[in-house]
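A quick write-up on the structure given underneath.
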Amino acid sequence: MPVSNYTATLRVRDSDKGCSVEWSSEFEAKGAPEGDAVAAISGIYEAGFENLKKMFGG
């Protein structure tokens with residue numbers, strides 16, 4: 001991972017449709033341009049949300 005000082009927060013809240021999931025993070029790019037670091041983290045989030053959809057529907 002081209003980042004350092006990575007901190008993530010994952011929130012799951014009740015909603016009228018079941019639940020909502022919010023995933024956020026803060027980090028510093030390290031060893032790669034900031035855009036590449038953001039793309040790497042975004043890819044992880046997208047894969048994680050897709051997996052949640054497969055597991056729980058949506």
Side-chain angles (χ1 to χ4, degrees):
M1 296 281 295
V3 300
S4 64
N5 298 322
Y6 178 85
T7 302
T9 302
L10 185 63
R11 290 186 176 96
V12 180
R13 296 186 173 130
D14 287 332
S15 75
D16 294 338
K17 297 179 181 180
C19 70
S20 65
V21 179
E22 178 184 317
W23 192 357
S24 62
S25 64
E26 294 183 23
F27 56 86
E28 297 172 14
K30 182 176 181 182
E34 184 174 343
D36 292 348
V38 169
I41 298 298
S42 295
I44 291 168
Y45 285 13
E46 290 171 16
F49 282 126
E50 287 302 316
N51 194 43
L52 285 173
K53 286 179 187 178
K54 289 178 187 174
M55 292 174 61
F56 300 105

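Index from 1, following the sequence. Quick caveat, the model's predicted, so the values are computed rather than measured.
- Partners of Y45 under the side-chain hydrogen bond (donor to acceptor under 3.5 Å, both in side chains) rule, at least two apart in sequence or in another chain, are S25.
- Closest approach of P2 and A37 over heavy atoms only: O-CB, 3.6 Å.
- Applying the salt bridge (Lys or Arg N to Asp or Glu O under 4.0 Å) test to E26 and every residue at least two apart in sequence or in another chain returns nothing.
- Listed by first and then second residue, the salt bridge (charged side-chain N to carboxylate O under 4.0 Å, His left out) pairs involving residues 9-19 are R11-E22, R13-E22 (not counting sequence neighbours).
- Applying the salt bridge (charged side-chain N to carboxylate O under 4.0 Å, His left out) test to pairs two or more places apart or on separate chains, none has a residue in residues 30-46.
- Each of L10, V12, T9 was checked for a side chain to side chain contact (heavy atoms under 4.5 Å, CB included) with W23, and the lone residue meeting it is L10.
- Considering only residues two or more places apart in sequence or on other chains, S4 meets the side-chain hydrogen bond (donor to acceptor under 3.5 Å, both in side chains) condition with none of them.
- Here Y6 pairs with nothing under the ring pair (Phe, Tyr, Trp, His ring centres under 6.0 Å) rule; sequence neighbours left out.
- The CZ atom of F56 lies 9.0 Å from the CG atom of N51; values are rounded to the nearest 0.5 Å.
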